[in-house]
Structures are given as C-alpha cells and as structure tokens.
Amino acid sequence: MSPNSNGIALRTRGRQNTMAYITTPIYYVNDKPHIGHAYTTTLCDIWARSMRARGEDVFFLTGTDEHGLKVEKSARERGISPQELADENASEFRKVMDLFGLTYDDFIRTTQDRHVNQVQTAVTRLLESGDVYLGEFEGWYDEGQEEYHTETKAKELEYKSPISQKPLVRATQTNYFFRLSAYQERLEKLFDERPDFVKPGARRNEVLGRLRGGLQDVPITRTNFEWGIPFPGDEEHVIYVWIDALMNYATGVGMCESPLGERSKYWPADYHVIGKEILWFHAVIWPAVLMALELEQPGCIYAHSFWISEGQKMSKSLGNFIDLEQLQNYMDSYGQDSLRYFLATQGPLGATDSDFSRSHFHETYTTDLVNTIGNCASRTSAMIGKYCDGLCPKDSGVLVGDDVDWRVFTKERVDASLDSMKDFDLAGAIAEAMKIVRQVDNFINDTEPFKLAKNPESSERVNDILYRCAEAIRIACCLLEPVMPTRMESLRTTWNLGDAKRRRSVRNAIWGRLQEGTGIEKVALFPRVEFTESPE
Ligand code: MSP
C-alpha cells in the first residue's frame, strides 16, 4: 500500500485471490422490510456461503441507510427522534436476516460513528483535491427521492417523480458539488475495458447509453434538513444521503480510516449486488467517487430486476408488499430453505421481473424439492436400509446398463456449478446440482434396483447402483448446501457425511469420498404441503 495524493492509502497490489467481498444495498429505515430486501440479501448470502465452502475468506456486508429528509419527516410524524426511528427499523431489518439465516459478517448503520467519521474524512479529501467545490445549482428536485434532475431529464420524466408521480419542484441551492463531469472519459474507458463491470448486459447498455449522453456535476450537500452527516467545515450543509450511503461499502471495511482498518484487506468488492432502480448511483457516481479517492474499482455491479406480487407491482398504495409477516407464514408452512431455493431459482436475477405468486411457489416446492431431491434421497436411503442393512454398500466399479461415467459426470457438474456461482449465475449453479439429482432419479428408474433385489444373484449390481445414487446425492448436497443449509445439514447428519471441518469445503465434492459402511438412515427432507390460497 502507498498513500495517494489525498492521503488515502492506495492498494497497489491486487488483493489476495483467496479473499472475497460482497455487499447488499443498505436499506432505508423509513420503510419496513419486505421480500425485495430479503431477496438481495439472500442472493448475497448464497454466494458468500458458496465462496466460504471453497475455502475463501469472505466478507459479507449489509446494513441500513439511516439519514435523509424522509427519515426526518417520518420520525417527526410519529413524534419520535430520527435516531429512535432508525433504531426501531434497523432491528426489523435484522429480523429478516435471522428469518432467512443470512450469514452477514457485519451490519453497518450510517449513523454509526465509524461511518460518520470516515465519510467526513473522505469528503475532506475530495474538497482538498478539488473534486468537491462550492457552487450554485438550479434544477428540478424530486422531494421524495431527494434527487435533482437536469432540464433534459425532468422533461423526459414529464416533470413528475418517476417513483411517487408527484410534481418535481424548481429549486435553487448553494451546494457543494462533486465534479462528476471530469470523470466522463475515464468512466467510459472503464466500461469499455471491463464489459462485465455492470451485469446483466442489458443493464450495462442502458447505463452506458446514458453515460455517453454526458455528465453534469452533482450536488452532494443539502441545507433543507438536518438529519445527515454534517459537511466538514461548513455545518450548515449536510452530506447528501446518496453519497453518505454509497460510502458504506468503503467505510464498512475501514478504507477511509487512518491507518487503514484491518478489514481493508478485503477491498475491493467482488460484487455490489443491488436492484435495478439504483444502478446509476452505483455504476456511475460510485465509480467516479472511487476514482477521485484513488481507490480500486469493484469487480462487478450486479443489478437484478424486481419481484412483483401475484402479477402486480408492489406498492404502498396497493399495500401488496410481501412483508415480514407473510414471509414468516411461508417459512412456517414450507421451511426456510424452500424460500431461499425459490428466491434463488425463480427470482429476477436477469433483466426481467419475476412474479412471486403463492401457486408458483407451491409448484416449485413440490416439483423440485419434494418430488425431486426429497424423493431421490428418501428412495435411496430406504433401499439402502432394506437391502444393505442401512450401511453404504461397496461399488465394484462394473458398469450397470447405460450408466454414465459418474466420476466424470459429477465432476463436470461440480465445475460448471462453481463457475456459474462465481459469475453470480445462482440459478445456473443450482441447475447443475439438480442435473445430478435428476440423473440419479433416471438411473433408479432405468435400473430398477427394487426389482433386482428380489434375486440374490444381483446383489452386487444392487450395491453398485445404490452406492452410486448415494454418492451422487452427497455431491449434489455439497453444491446445494449454500442454498439450503438447514435441509442439507439434516441430510448430512442422517447420512453421517463427514465432520464439520471437512464438510465445509466443496473440495469434498469429489466422486468416491463416500465410505463403504457409512450408516445411511432413511431421510425425509421436504414434507409434502397442502396448497392453500392464502397463508392465513
Ligand atoms: N438506501 C438505498 C440504497 C443505498 S445503497 C448504497 C435504497 N434502499 S431501499 O430500502 O429502498 O432498498 C432498495 C433495494 O431493495 C433494491 O435495490 C433491491 O435490492 C431491493 N428491492 C426493493 N424492492 C424490490 C423488489 N420489488 N424486488 C427485488 N428487490 C427490490 O434504495
């Protein structure tokens, strides 16, 4: 590390490649948590668990965005202080984390001293370097979003907030500005050189189009409210909530501490995972701020699309958010893992929105979890119980029927699954594991060990088949563990699959590790659930 011109230590060498860093957006405390927040955080959790299972040292950061006019207003309406409101709702967000079994390493809150101090340090440095300056601004202001729009943009929006539909108001302010316009060329270069900097591709193209349209400097302070981080040296101004919020990715790992915090070793993030509505801030403003601070760019900004609910956009006016209570109801009926699985496989990770409907959820649960994985594991263990005294049989290595080469087949699936996971294609990674399970199912149907078992002369063949089924399921289980940690844990326990240290590694997903003689008890992973129209 060497200090840059701003005095912030600059990472000159690449980060060790056994480290990984992933972040979620930090969530606004003026709203209650819902499926959208749970979704982004669950995706990150699955990725983090999967990287840990490979033996990487992962840092997974989430948290809450607690400043701004909206929080100040909501608190006033309720007759409590903004901090009280923030405390109350930050704990609601933590409940989501617990409900979904999310293994974040830190939960940052923008009202914490560590964040406030580092933001002030960073802004001071930007002021010193000339990237932040005092200027006049007249523009169209979206009061709900606390965002200014240029004339061109406001016209495009028909002078209405794209979120609340309320009219934009004409406003003039003396503000501190960030010299975004100075970074146009460097940003375009970044996009050109790193085609995967923003994913999915369709989103990248949208941002790039807007970026090529030109950049204006952005006001980064406000004087119309108080609930924010005071601007260093001019306390009439508070720092704009978006700059404050984006900085959490750096302050969470101590990048603006002096000396650098111990966690700075994780910098930069591999993924900033966000929803599509906040892409501009993440793909343009944030990289420019990092350039100004001379900090290394993240690996990828992944902007997923939105969940809609039973065919309709979720909104306050419709009151149709899938909230904590409903999520709890789903969990009670179907279990935590089934929700995690559904979010990861059926969710809007690409450029189109996904519908969260009760019937689709039920169907996915029944088809994939009850009828496929659950059934396969239970059939296999029941037959091992019946024909092999509950002990894992020996594989003689002789080919049975049209059998695949299981060693090669599973290796290909494992490699493909891990590659997809690394690229944040969670559904693709899971699909590879499911291919293994489906192959087992077909294998049982084709070879019919339950019929062969009637003839004592076929016992070796039955053993071969059942070893292969159990071993393939064990390997699929290694891949599915980050997605469904609870149910896979229960499979491991019932099948006596290795000690805690070994099982944490997907390096164990290698054919032949299952030992002959291992006690394999009958397992019921996913109970059948009766469909009801509503959770109540
Ligand atoms: N505080 C800002 C983010 C600052 S990050 C430096 C913010 N917060 S938010 O509470 O509104 O959360 C927005 C995020 O919640 C989205 O980016 C997305 O991750 C998630 N979702 C909110 N609604 C969603 C859906 N309907 N569907 C999927 N995820 C969405 O913006």
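Please read all numbers here as calculations on a predicted model, not as lab measurements. Just so you know, ligand 1 is whichever comes first in the structure, and atom 1 is the first atom listed for that ligand.
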Which residue and heavy atom of the protein sit nearest atom 7 (C) of ligand 1, plus the separation: Y28 CE1, 3.5 Å
Numbered in order shown, the ligand 1 atoms found under 4.0 Å of a heavy atom of L246 are 6 (C)
Parallel, tilted or perpendicular: which describes the rings of F281 and W242, with under 30° parallel and over 60° perpendicular? parallel
Would you sort out whether D131 and Y183 count as a side chain to side chain donor-acceptor pair (under 3.5 Å), showing the intermediate values? CA-CA 10 Å; D131 283 291; Y183 290 93; 2.6 Å; yes
Under 3.5 Å between any N/O of N248 and any N/O of ligand 1: does that happen in this structure? no
Ligand 1 atoms nearer than 4.0 angstrom to some heavy atom of I278 are 3 (C), 17 (O), 31 (O)
Can you confirm whether E226 is buried at CD, in the sense that more than 12 heavy atoms of other residues, nucleotides or ligands lie under 6.0 Å from that atom? no
Rounded to the nearest 0.5 Å, what separates atom OG in S164 from atom CG in D142? 5.5 Å
Please list the nearest protein heavy atom to atom 24 (C) of ligand 1 with its residue and the distance rounded to 0.1 Å. G36 CA, 3.6 Å
Option nearest atom 27 (N) of ligand 1 (shortest heavy-atom distance, choices W307, F356, W242, F281): W307
For atom 3 (C) of ligand 1, the closest protein heavy atom turns out to be I26 O, 3.2 Å
So is K313 in contact with ligand 1, going by heavy-atom distances below 4.0 Å? no
Just need the protein heavy atom nearest to atom 18 (C) of ligand 1, so name the residue and atom and give the distance. T40 OG1, 3.5 Å
For side chain to side chain donor-acceptor pair (under 3.5 Å), just list the numbers for H237 and T223, CA-CA rounded to whole Å, side-chain angles, deciding distance to a tenth of an Å, and then say yes or no. CA-CA 5 Å; H237 291 252; T223 47; 5.5 Å; no
Are S354 and Q346 packed together at the side-chain level, in the sense that at least one heavy-atom pair is separated by less than 4.5 angstrom? no
The protein heavy atom nearest to atom 17 (O) of ligand 1 is G275 N, 2.9 Å
Quick one: does D65 get an N or O within less than 3.5 Å of an N or O on ligand 1? yes
Which option wins on minimum heavy-atom distance to atom 16 (C) of ligand 1: H282, M314, E277, H34? E277
Mark up the atoms of ligand 1 that fall under 4.0 Å of a heavy atom belonging to H37, in ascending order. 10 (O), 12 (O), 15 (O)
Mark yes when over 12 heavy atoms from residues, nucleotides or ligands other than E92 sit less than 6.0 Å from its CD; otherwise mark no. yes
Tell me: protein heavy atom nearest atom 12 (O) of ligand 1, and distance? Y27 CD2, 3.5 Å
If you measure only the distance, is there a donor-acceptor pair under 3.5 Å linking the side chains of Y240 and N175? no
Would you please determine whether Y249 falls within less than 4.0 Å of ligand 1 on a heavy-atom basis? yes
We want to know whether R52 and T103 form a side-chain donor-acceptor pair, criterion being a heavy-atom distance below 3.5 angstrom. yes
Between W140 and H149, is the ring centroid distance below 6.0 Å? no
